Amino acid sequence: MLEVTGLHKSFGALTVTDNVSFRMDRGERRVVLGPNGAGKTTLFNLLAGDLAPSAGEIRLDGRPVTGLSVDRRARLGLSRSYQKNNLFDALTVRENLALAAAAALGLSGLFRRDTHRDPAVVDRVAEIAGQVGLADRLDLPVHSAPYGNRRQLEVGIALAARPKVLLMDEPTSGVGPGMIHAFHELLGGLPRDLTILIIEHDMDLAFDVADRITVLNYGKVVFEGTPEETRASPLVHEIYLGEWGAHA
Ligand SMILES: Nc1ncnc2c1ncn2[C@@H]1O[C@H](COP(=O)(O)OP(=O)(O)OP(=O)(O)O)[C@@H](O)[C@H]1O
């Protein structure tokens, strides 16, 4: 499904992604853990196409995508849910989803102002809203939507293109403890064959939602395993000791 081989990225003399390799199966949910500065965001930038690697290869369903743009990768099924805001504040949840759905269906364009009423778009908006738990929030203007709903909407927008692989960048950052429960529900509502790679700081959440965990430190994969194996790893404990203290 997603195969990463020997990925490498340097900024000047600083190696930020160091020979990173892993593969994910369809439907797998994997969390990338690592202390601040470990290279998690850079890895996502390389996977999504926001950055070009110095070396290495990324394959999606066997097809090399390493040299392709963000848009081309998205069309092939690799989508990223951006932490940075890509929502239209003045529009409602429904309108935001309709724009994304229309674009994904090839229905957007200057001369088609009523695309949000197109039956295909209406159906798709309802489907996505159900998946991300926003079915009863469709008429809410985004500027007055609670933070958690905005995060759900960001995921919904990423889903519009029917991705095979979804990259989620710190989906719970900035949300309160109550929203962590909502995030579980959100994950539960996503298609089971969707392959999901998540950057997450919260170890407990990672243990809870991941099928497998990849731990980065100084740009290198230093551990990969099931949540149980990760929890039992002395190396991971050692790496996270300072972090635990800092987050406590
Ligand atoms: N464009 C850049 N130019 C130079 N150095 C960079 C650049 N982007 C990232 N770095 C450096 O690369 C290292 C890894 O950064 P990255 O943001 O990938 O880590 P991270 O694991 O996502 O950290 P955090 O958890 O704090 O977000 C850091 O030392 C950072 O300063």
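The model shown is predicted, which means the values in this text are computed figures rather than measured ones. Note that ligands are numbered from 1 as they come in the structure, with each ligand's atoms numbered from 1 the same way. Here, residue 1 is the first one in the sequence, and each next residue gets the next number.
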Would you check if there is a donor-acceptor pair between the side chains of N45 and R80 at a distance under 3.5 Å? yes

Just to be sure I understand the cut-off, which residues have at least one non-hydrogen atom under 4.0 angstrom from an atom of ligand 1? F11, L14, V16, P35, N36, G37, A38, G39, K40, T41, T42, H201

Give a yes or no on whether the backbone of F183 and the side-chain of R151 come within a donor-acceptor separation of less than 3.5 Å. no

Once salt bridge (Lys or Arg N to Asp or Glu O under 4.0 Å) is applied, do any residues pair with R30, and if so which ones, sequence neighbours excluded? E28, E224

Of all heavy-atom pairs linking R94 and D139, the shortest is NH2-OD1, 3.0 Å

Looking at T195, D61, D193, which hits side chain to side chain donor-acceptor pair (under 3.5 Å) with K164? D61

Could you report the tightest heavy-atom contact between P53 and L7, atom names first, then the distance? CB-CD1, 3.8 Å

